[in-house]
Amino acid sequence: MSKSARSSKLAELRALRESGKKRLDTYEVHQEEDLYEEVDEDGYKKVIRERLNQDDFVIDDNGEGYADDGREDWDRRQGYDSESEEDARPKGKNGKASKRKREEDKTKRENMDKGINNYFTKGPVVAQPKAKPVQTQADNDFMGDLLAEVDTNVLPRASRHPPKQLTRRTRALSPAIQSAESLSAKRVKLGDANDAPPAYDDDDGNFIGGMDDDVPMSDPAPSSPVQKAVERKAQVAIKAEEEDDYDAMEVAQADGIAAASVNMSGSRPVLKLIKPDPYLTPASSSPTRPLPEEVDASAWNNVTSRLNVISSSPPTDTRTYGKMDYKDAIEADGSLNMFWTDYTEVHGSLCLFGKVKNKKTGEYVSCFLKVDNILRKVFFLPRDNMYKHGRETSEEVDMEDVYKEVDSIMTRMKVGMHKIKPCSRKYAFELEDVPKEGEYLKLLYPYNKPALPIDLTGDTFSHTFGTNTSIFEQFVLWKNVMGPCWLKIEDADFTFLNNASHCKLEVQVATPNLITPLTESDSMEPPPLTLMSLAMRTTLNAKDNKQEILAISARIYENISLSDTTPAEQIPSRTITIIRPVGSSFPLGFEDLIKKKSRGLVKLCRQEPEILSFFLAQLDRVDPDVIIGHQLEGVDYSILISRLQTRKTPGWSRIGRFRRSDWPGSMGKIGGNFFAERSLISGRLLCDLANDAGKSTMTKCQSWSLTEMCNLYLSSGNNVRRDVDNEVALKTWATTKDGLVDYIGHCEADTYFIAALALKVQMLPLTKVLTNLAGNSWARTLTGTRAERNEYILLHEFHRNKYIVPDKAPFKGRPKMEQQDQEEEGGDAKKKDKYKGGLVFEPEKGLYDKFVLVMDFNSLYPSIIQEYNICFTTVDRTTLSDDEDKVPEVPTDQDQGILPKLIATLVGRRRQVKSLMKDKSATSEQLATWDIKQLALKLTANSMYGCLGYTKSRFYARPLAVLTTYKGREILRSTKELAESKSLQVIYGDTDSVMINANVDNVADAFKVGHEFKRAVNDRYRLLEIDIDNVFRRILLQAKKKYAAINLLEVDGKFVEKMEVKGLDMKRREYCALSKEVSSKLLNEILSGDETEVVITRIHDYLREISGKMREDLIPMQKYTIYTKLGKNPKDYPNADTMPQVQVALRELARGKTVRKDDVIAYIVTGDGKSANEPAAKRSHTPADVMKADSGLKADA
DNA sequence: TTTTCGCTGCCCGCCT
RNA sequence: AGGCGGGCAG
Ligand SMILES: [Mg+2]
Ligand SMILES: [Mg+2]
């Protein structure tokens, strides 16, 4: 038996199953011998490394933490230049322009009358014949019918007040015409200085003097909530201290938790169906017992019974139904404050969604703001010499020439309103023929005119920039809007819009100049939000093979402050559950029973369309700001959307806040259109615990199933979720009236779990702060894409510093060119695909029983970028040819670059926040807020490097990434050499760390060595810092990136031992719980430091005991479950035969379940004595199948 | 009218 | 040696 094979047997029992050539009993006996030998020889002699290396023992391992922190001086953010560099004199010819403008206005109006914009009124100044807040009759009918239905169907407890609602609506129907008119009049005054037609007065006026970023902002400070607080408290002592995330693992507890039964196959929870969790109550039933016909629902019923549930209907007297009266929202000066949370782009206008305060009731309600006349901004780079007929001439170009050409282009495009003027800009990106600084001609024109071609060149200009900039980007850069914040809106028009949205208040402004972001100094807290957590249950319609909705549960939390840290079970909530029967009717007596038992609103429907309509009505009533779920993206939400579309449900656009009548054309595609789906919900934030953003907040998870999340993050109290196989449930225990009540209870419990998790991991506060740092949109941050956040923070930063910014890559023609593409990029991509990264030392494998220090650079890559001033603006990459990955020179004598300065600011702010957290008098709420802030700053700084090497980033700069990793390798090597020069043994190192054998026997000496080395290293660098990450009492180094160690943690002045494991098989989800359990037990013994002989005996006994249990089937089946992700669709696997996951997936697929790309498959390898010669793939089954007693399936050993 | 998703290093398995 | 899977590590 090979050395590696033996060691893996020792580490885990997986091979037992996988290699299953032998019967369990014979196997066990054999294996036990082998294991014993190994342990005896190496582990227990406590010999030193050399000795171990001679032996066959193959223990070694290591790893590091990637996360970091950095320290740097507090850097004030660079001011936005206040020099009025460009005179704003209009160059357009006035008479002609205004004539053109009138034509344009006409076509504009015509356009707006079509399509979606038929909800907009036609002209702002025409006095509105009717009062503002109006619902269409159709709307009233729609809602009225549905809500009436609610009233007849509600449970006894759910009190409702239809009459009051009616009065409010009536009241809203009679707005003050007078003031609406006076407001319009005021607007006219604004534009009276020019000769534009009154209807569009604002255009010219603002066009000329207006939204020009070269005019100093009235509010130059970005909205950065922490900054002020940081400055106030700047004196607080700064202590560099880091407790960065590492995954220390408490082996002793592994048995309890790791066993959580999870099944990720398919979109629906597909799980076993056992009574009490066998891991928590080992005495429970045999793993192979028959499928229960009933389920013990007490677990989840207990959970929900403890919640703070309020009546299903909120008090209606203070609630606003229908539209609100704008007069209740405006300030004394007539302006409106709105906190924006989301946006959508419609026909050349930007539409913001958000909340405003109703000053009368004190409530916050949804608001829709349409911003018109945001202007495109295009920069033209003049040529040196004029081109004629495609050939360069000797005639020099001056600005007037460029102006003429651009103006003629505008004329050709029939763009009446435009402004052209020269300006100066810097450039630091990848186009080589663009000067670092130069004169440009800047063109402004409206977004309702088409974009110029991205690669447009002319006789007088060689490049155009900014042709395809999105409206949103244009807006946030111009107005310096950094994520969700309060906006002050002046001269808002409350009469322009009429039911363009589903918001309570609708506002239009004629120009973005009327909008100003409020800063921290205005000390306005973000408004509280309305959250709705969703849990759906679906069934497969066999006929057309589509998932249809069976039940939707929603739990509503109102008035949730982002900084509130109250656990979810204490927050008042109410539920709405909508369900239809699986067949034609509910079980007998179910209707009465559910009314008696339910604490929330339960609506019983006959068919799916009814569910959909009722759900929309509830959405309209609740008007949630955020919808929270588990696997919404691509699963629940996608199904919901597709059902709404299939069923042609009226009022479907209430899923979001933008009113739509027609489905987008791009929705037709199969597989779901991610972008189109997203745009439909705009106005409400989609918060998915299981998308990339959600996963990144729950790093301890391996499968990210809802059950696993609850186990790992809601462990306190009675928060255990039970997995339920939906299909099995519907066929068995949920077919009775009591069973169906429990089924609903499970669904409602899930809505609690989902909301509780989102609150616990602070997903909303974190994503909001990340968005505030980056200046993108909250909804995009919630999708979890880092690249876009990084892109926006750089866009803002370079824009403020007057740089031309790289344009978004024009979409690449993909469909054609198969062969050519392959050849062209094949050679190219092969080389270019990857560049060199981190350095990993060959480990000195073995067991160490002297103290070992882990010395780790804090935020290595961000620190390198600062230390060496690595930036687009500083590193000369013109000389290096595009062939190889030649490492560029480190810049010398350059001013601090934009990127290093940005990182320094982030790191400095983080240090300030962390110092605030040391304040003993801080409340838990403050601490939570600061912790989120601190984390967001770290994440933002750390994501910079990755995006430099991201091919599709607008700021892709491979040489900068190459230089950064190069310096990293250089630093790590020289750090190792420094250690060795001091006679310290470096046993391992990975990217940013060295592991040093301190060769001492007590903590104090170990720290002494560590501190000395730390000082020696840090003396060599300006900013770069190494620190003691861990002190290991003992370590077993098995291989690169694999080790187990006893880590010493200081707790209340004393040192506590804690097992830390990296990379070993027990950290992988492809290993079953039993294997992990055994592994941790063995590692615990090996690293216990106890007498060798004793340990050997204990291990021996333990293994004997385990194998005995295995033989007698005393081990719960779940402990054999293995998890594997399907990286592609099951059918796309070329050699599916040999892959157990794929076999299992295909079998599930064949039986009508949904298995898609990226699902995590759970399976158990089974085998009796006879089939042992078949490949493991054939013998793999889902846990649910194995559980069925009559399957005769047993776990293979 | 779109086509997403930070980087590299290292090890396991299967198939050419 | 390459490709494809798998998913740890930083
Ligand atoms: Mg590290
Ligand atoms: Mg580090």
Side-chain angles (χ1 to χ4, degrees), chain A residues 4 8 14 18 61-68 246-247 345 347 451 468 470 633 664-666 669 671-676 678-679 691-693 695-696 702 780 783-791 808 810-812 814-815 830 833-843 856-857 860-861 939 942-953 955-956 958 961-962 964-965 968-969 972 988-993 1038-1043 1061-1071 1122-1128 1132-1142 1158 1160-1161 1175-1177:
Chain A
S4 66
S8 80
R14 175 182 183 238
E18 296 270 309
D61 174 288
N62 186 32
E64 308 291 298
Y66 185 50
D68 353 82
Y246 51 87
D247 283 317
E345 294 177 3
H347 292 163
N468 63 343
S470 77
E633 272 182 19
S666 54
K669 297 173 186 168
N673 183 323
F674 181 86
F675 286 105
R678 271 275 167 182
S679 74
N691 70 2
D692 286 345
K695 286 177 184 173
S696 71
Q702 291 198 307
R780 295 295 300 167
T783 67
T785 161
R786 284 171 273 205
E788 191 171 304
R789 270 191 285 129
N790 189 74
E791 204 165 284
K808 194 149 32 179
F811 107 108
K812 298 226 174 191
R814 258 232 293 83
K830 217 169 275 177
D833 237 1
K834 275 186 171 167
Y835 55 88
K836 258 177 113 54
L839 179 62
V840 184
F841 294 136
E842 192 58 44
D856 187 299
F857 282 99
L860 182 68
Y861 289 164
L939 292 174
N942 279 345
S943 72
M944 292 290 156
Y945 153 73
C947 294
L948 292 176
Y950 173 40
T951 330
K952 293 180 175 172
S953 169
F955 292 90
Y956 176 51
R958 184 191 195 55
V962 166
T964 305
T965 57
R969 293 189 298 273
L972 194 65
Y988 183 56
D990 184 347
T991 308
D992 65 346
S993 69
Q1038 195 215 319
K1040 282 181 174 178
K1041 299 175 194 284
K1042 293 186 193 209
Y1043 67 76
V1061 178
K1062 295 289 183 197
L1064 295 185
D1065 294 344
M1066 56 179 281
K1067 300 289 278 187
R1068 307 175 145 238
R1069 62 181 175 194
E1070 56 193 300
Y1071 289 81
I1122 294 171
Y1123 302 98
T1124 308
K1125 190 176 74 173
L1126 250 47
K1128 43 168 84 173
D1132 297 342
Y1133 282 88
N1135 45 349
D1137 295 345
T1138 59
M1139 296 178 152
Q1141 325 90 293
V1142 184
D1158 290 342
V1160 177
I1161 304 297

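Just so it is clear, the model here is predicted, and its values are computed rather than measured. The sequence lines fix the lettering, A, B, ..., with proteins before strands; numbering per chain opens at 1.
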Open item on the list: Closer than 3.5 angstrom, by distance alone: can the side chain of R969(A) be matched with the main-chain N or O of K836(A) as a donor-acceptor pair?
Closed with: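 Yes, the answer is positive, given that a donor and an acceptor are paired below the 3.5 Å cut-off.
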Open item on the list: Quick check: on DNA chain B, is the nucleotide nearest T1138(A) upstream (toward 5') of the one nearest E788(A), or the reverse? Name the residue that is more 5'.
Closed with: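 The 5'-side residue here is E788(A).
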TODO: Please tell me which of R1068(A) and A676(A) maps to the more 5' nucleotide of DNA chain B, matching each residue to the nucleotide holding its nearest heavy atom.
DONE: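 Looking at the nearest nucleotide for each, A676(A) comes out on the 5' side.
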Open item on the list: Taking 4.0 Å as the cut-off, does a side-chain nitrogen or oxygen of K1040(A) come that near to OP1 or OP2 on dC10(B)?
Closed with: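 Yes.
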Task: Presence of T785(A) side-chain N/O under 4.0 Å of dG6(B) phosphate oxygens OP1/OP2 - done: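 Result: yes.
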Given [options], which nucleotide is nearest the side-chain atoms of [X]?
X        : options                 : value
Q1141(A) : dG9(B), rG6(C), rC4(C)  : rG6(C)
Y945(A)  : dC7(B), dT4(B), rG5(C)  : dC7(B)
K834(A)  : rG5(C), dT8(B), dT4(B)  : dT8(B)
K1041(A) : dC10(B), dT4(B), rG5(C) : dC10(B)
N1135(A) : rG5(C), dC15(B), dG6(B) : dC15(B)
V840(A)  : rG6(C), dC10(B), rC4(C) : dC10(B)
Y1133(A) : rA9(C), rG6(C), dC7(B)  : rG6(C)
Y835(A)  : dG6(B), rC4(C), dT8(B)  : dT8(B)

Mind calculating the distance between [atom1] ([X]) and [atom2] ([N]) to the nearest angstrom?
X        : N      : atom1 : atom2 : result
K1128(A) : rG5(C) : NZ    : P     : 4 Å
K808(A)  : dT1(B) : NZ    : C1'   : 13 Å
D692(A)  : dG6(B) : CG    : P     : 7 Å
H347(A)  : dT1(B) : NE2   : P     : 13 Å
D990(A)  : rC8(C) : CG    : C1'   : 11 Å

For [X], which contact category applies under a 4.0 Å heavy-atom criterion: base, sugar-phosphate, or nothing?
X        : answer
T1124(A) : sugar-phosphate
G946(A)  : base
L1126(A) : sugar-phosphate
A787(A)  : sugar-phosphate
M1139(A) : sugar-phosphate

Heavy-atom pair with the smallest gap, counting every atom of [X] and [Y]:
X        : Y        : answer
L972(A)  : S993(A)  : CD1-O, 3.4 Å
A676(A)  : S666(A)  : CB-OG, 3.7 Å
T785(A)  : E788(A)  : OG1-N, 3.6 Å
K1125(A) : R1069(A) : CB-NH2, 3.2 Å

Open item on the list: Just checking K695(A): does its NZ atom have more than 12 heavy atoms from other residues, nucleotides or ligands closer to it than 6.0 angstrom?
Closed with: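 For K695(A), atom NZ is crowded (more than 12 foreign heavy atoms under 6.0 Å).
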